[in-house]
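Right, one structure below, let's go through it.
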There are 2 protein chains.
Amino acid sequence: MTPDRRSPRLKDVAEAAGVHISTASRALNERTAALLNPATLERVRETADGLGYRVNGMARALKTRRSMSIGMVVPDITNPFFPPVVRGAEDVLDRAGYSLLLSSSDNDLGRARRQTAAMLEGQADGLLLAMARRDDPLVAELRAGGTPLVLVNRTIDRGGVSAVIPDDFHGALEAVEHLYALGHRRLAFVGGPLSTSNGARRRASFDETVQRLGLPEVAALEAVAFDEQAGYAAAQTLLAEHPRITGVVAGNDLIAVGIIVAAAERGRNCPRDISVVGFNDMLLAGRLQPPLTTIRIPQYDVGTRAAELLMALVADPARSPETVLISGELVVRGSTAPPPASD
Amino acid sequence: MTPDRRSPRLKDVAEAAGVHISTASRALNERTAALLNPATLERVRETADGLGYRVNGMARALKTRRSMSIGMVVPDITNPFFPPVVRGAEDVLDRAGYSLLLSSSDNDLGRARRQTAAMLEGQADGLLLAMARRDDPLVAELRAGGTPLVLVNRTIDRGGVSAVIPDDFHGALEAVEHLYALGHRRLAFVGGPLSTSNGARRRASFDETVQRLGLPEVAALEAVAFDEQAGYAAAQTLLAEHPRITGVVAGNDLIAVGIIVAAAERGRNCPRDISVVGFNDMLLAGRLQPPLTTIRIPQYDVGTRAAELLMALVADPARSPETVLISGELVVRGSTAPPPASD
DNA sequence: CCAACGGTTGCAAACGTTTGCAATGAAGCT
DNA sequence: AGCTTCATTGCAAACGTTTGCAACCGTTGG
């Protein structure tokens, strides 16, 4: 009954406008529109609007070999660190006309592999990878495949690939020095997994700094993940085995929260009995009980810089890899204080 | 020098395996693999692996008219409410073999329109919309366009479209009754924008419930957004104009935080002088100062249910619209207490 | 008046798949 | 032996664009 044609194709608008399909194509394409007679251009555009024409991105992508989409994989979008970086990336991609394909890998290599494969099948023009481990085989594969790639937040040990990461070394150093300045001398580090660059680098920085400061009694533990639960578990061990510790620098804010909770359960109040400094300054970190002293990483900027770098890489695949370090700054709030007087 | 062929096409694996391209296609497709002789099937698959063949999703999508991707637009991924729902959606889509295109609209209709248009040009098979306003013209357009659609978190007034939303009415009712049970009699509501379904419904529920309870002195304000800053601003007015209020139900947790901060600045401590109950139970709500009493909405489930509904809709576009209400439950923590004794 | 030219437009060949249909050959049945 | 049936594979036509090339036309300069 109804004509009920599916959505109009280029051919339809060409016919309706009385021009050849290639002319219609050129009219609807910014880059080629200049070739046309202004009058025809106008006419084609109007009939296209009238018909509610919408270009078929698949056909276009097939022909042009560009999907105008970028894939991004994070460990878990639910971790408060990532939304701002995703948002940053999204904003610059959006401005560049790209769409963002997002997925969470849960730190599962197999899952990440499937997800990136799907993204590449979908012809993503580039990848933003925020889940890399230091020896990640996946990024090696991907790099070999020639996909424009930028690592976010975490990088790999052997370089050769672009990355945008926080200045882990400087951050952890600031954290230690802050505690030292407050008078703490027995410090601990409860970091994230050493298999990640930020776990390892923050740890290395802690080690070096406490040694330089000549601190007598230190401990360093590795939480199994960058989350509250892992921080809580690691803190259990720490508090049991090193009861004299008064200051701890945490692998990130979530781990810090876990430590504070574990301490409270043992009757040790933060910051009265024990000080802890987080890392990242995640959303609401300043509204927690106690408000977290932490190393602020401009998360949004991490996202924008990474996306900008990727855009440059997409434009020029031969561009040589570079890694940009985003520096953080100490923001002191309520979770740190001088050590107990008895000390 | 190097043969340097671009990535292999179906034709390449077909030739390498000594079969026709159509046979190769069938071999690489789960659905059609059964048609083939097991021996050829095996052979084709092995040579495909050997060559590192990866199907061109664009070509496939062009032919099949399915991109196996779903678009999702949220107001702002940075709002802690959304990451869990995105994650929920992602998980079920992933299992169904779909990818997720994400974008943040910032409650800007124009931006949302551009984003959905881009998603549709990219041939997204369906849309998850979490940014709808009650009279949103965009969802009307989209629905007219025949795109499989499900609204998330917010719905429109005139039905006709599937949606997965929290049970706003019941939630707000529980919040009011909780305060009432604690002894509060002078209540206020600081809700989100009335242009959103959850802003309006929570407000309506508040109004009806306080009336039913016969409360003598109430106030109801509208924050301009569901964030801390808007909550803070609205609270300024509230505290100035209705100083005798002792209990307030907030439009969501972020607004609650804003209220608590504003109250503190006026020397009114929560919960000693004023009680506030939030909505959603966002991440870390229980770790705030004070820990938030709130209506817990299972955010992850909202995402999964929405994605499931959308998958059903994609499979059968004629399926009639349905709206599923996700119910919340009161979780009482530290931000509510009996009103001051002087009361 | 002719040739060259620039501005517009049309032509047709891709891009890499999927899939209805036809062809082939082997096996089963009467 | 001849006919049917079935399993397997090949053929070729799409899917909706983009784009190098050629053609056309009215101008312009010599």
Side-chain angles (χ1 to χ4, degrees), chain A residues 5-45 47-48 51-69 97 118 120-125, chain B residues 5-45 47-48 51-69 97 118 120-125:
Chain A
R5 212 161 164 24
R6 73 176 79 260
S7 48
R9 299 154 307 170
L10 200 47
K11 189 172 169 217
D12 299 320
V13 351
E15 281 169 4
V19 303
H20 190 266
I21 179 176
S22 64
T23 303
S25 170
R26 289 190 259 256
L28 270 12
N29 233 304
E30 273 323 319
R31 200 171 33 75
T32 49
L35 296 176
L36 299 193
N37 180 316
T40 20
L41 177 58
E42 172 85 354
R43 181 159 40 97
V44 173
R45 289 199 165 161
T47 66
L51 268 65
Y53 172 74
R54 173 170 289 155
V55 61
N56 182 322
M58 297 298 142
R60 164 177 292 175
L62 175 58
K63 189 65 181 147
T64 62
R65 315 182 112 83
R66 302 190 129 225
S67 66
M68 297 306 278
S69 69
L120 261 20
E121 283 186 1
Q123 305 308 106
D125 296 332
Chain B
R5 210 159 167 25
R6 72 177 78 260
S7 48
R9 300 154 308 169
L10 200 46
K11 186 169 170 224
D12 299 319
V13 351
E15 281 169 5
V19 302
H20 190 266
I21 179 176
S22 65
T23 303
S25 170
R26 288 189 262 255
L28 270 12
N29 233 304
E30 273 320 320
R31 202 169 31 76
T32 48
L35 295 175
L36 299 193
N37 181 314
T40 18
L41 177 58
E42 172 86 352
R43 180 158 41 95
V44 173
R45 289 200 164 160
T47 66
L51 283 118
Y53 172 73
R54 176 170 287 155
V55 61
N56 182 321
M58 296 298 142
R60 165 177 292 175
L62 176 57
K63 189 63 181 149
T64 61
R65 316 183 109 82
R66 302 190 129 226
S67 67
M68 297 307 277
S69 70
L120 261 20
E121 283 186 1
Q123 306 308 105
D125 295 333

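Numbers restart at 1 for each chain; the letters A, B, ... are given by sequence-line order, proteins then strands.
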Please confirm whether the shortest side-chain N or O distance from R60(B) to OP1 or OP2 of dT17(C) is below 4.0 Å.
no
From CG of L28(A) across to P of dG16(D) the rounded distance in Å is 16 Å
Please determine, for the side chain of S25(B), which listed nucleotide (dG10(D), dT18(C), dT18(D)) has the closest atom?
dT18(C)
Base, sugar-phosphate, or nothing for R66(B), non-hydrogen atoms under 4.0 angstrom?
nothing
Does a nitrogen or oxygen in the side chain of S22(B) sit under 4.0 Å from OP1 or OP2 of dT19(C)?
no
T40(A) near the nucleic acid: base, sugar-phosphate alone, or nothing, with a heavy-atom cut-off under 4.0 Å?
sugar-phosphate
For a quick check, with a 4.0 angstrom heavy-atom cut-off, what is the B/S/- contact string for nucleotides 21-27 of chain C, read 5' to 3'?
-------
N56(B) or H20(B): which one's nearest nucleotide on DNA chain C is closer to the 5' end?
N56(B)
Just N and O in the side chain of N29(A): are any of them under 4.0 Å from OP1 or OP2 of dT18(D)?
yes
Between its two end axes (five pairs each) the helix from dC1(C)-dG30(D) to dT30(C)-dA1(D) turns, nearest 10 degrees, through 50°
Can a side chain N or O of R65(B) be found less than 4.0 Å away from OP1 or OP2 on dG16(D)?
yes
For the side chain of K63(A), counting heavy atoms from C-beta on, which of dA14(C), dT17(C), dT8(D) is nearest?
dA14(C)
With a cut-off of less than 4.0 Å, is there a side-chain N or O of T23(A) near OP1 or OP2 of dG10(C)?
yes
Length of the CD-C1' vector between E15(A) and dT9(C), whole Å:
17 Å
So what does T64(A) hit on the nucleic acid, given a heavy-atom distance under 4.0 Å: a base, only sugar-phosphate, or nothing?
sugar-phosphate
Side chain of I21(B) only, heavy atoms from C-beta on: which candidate in dT9(C), dT18(C), dT17(D) is closest?
dT18(C)
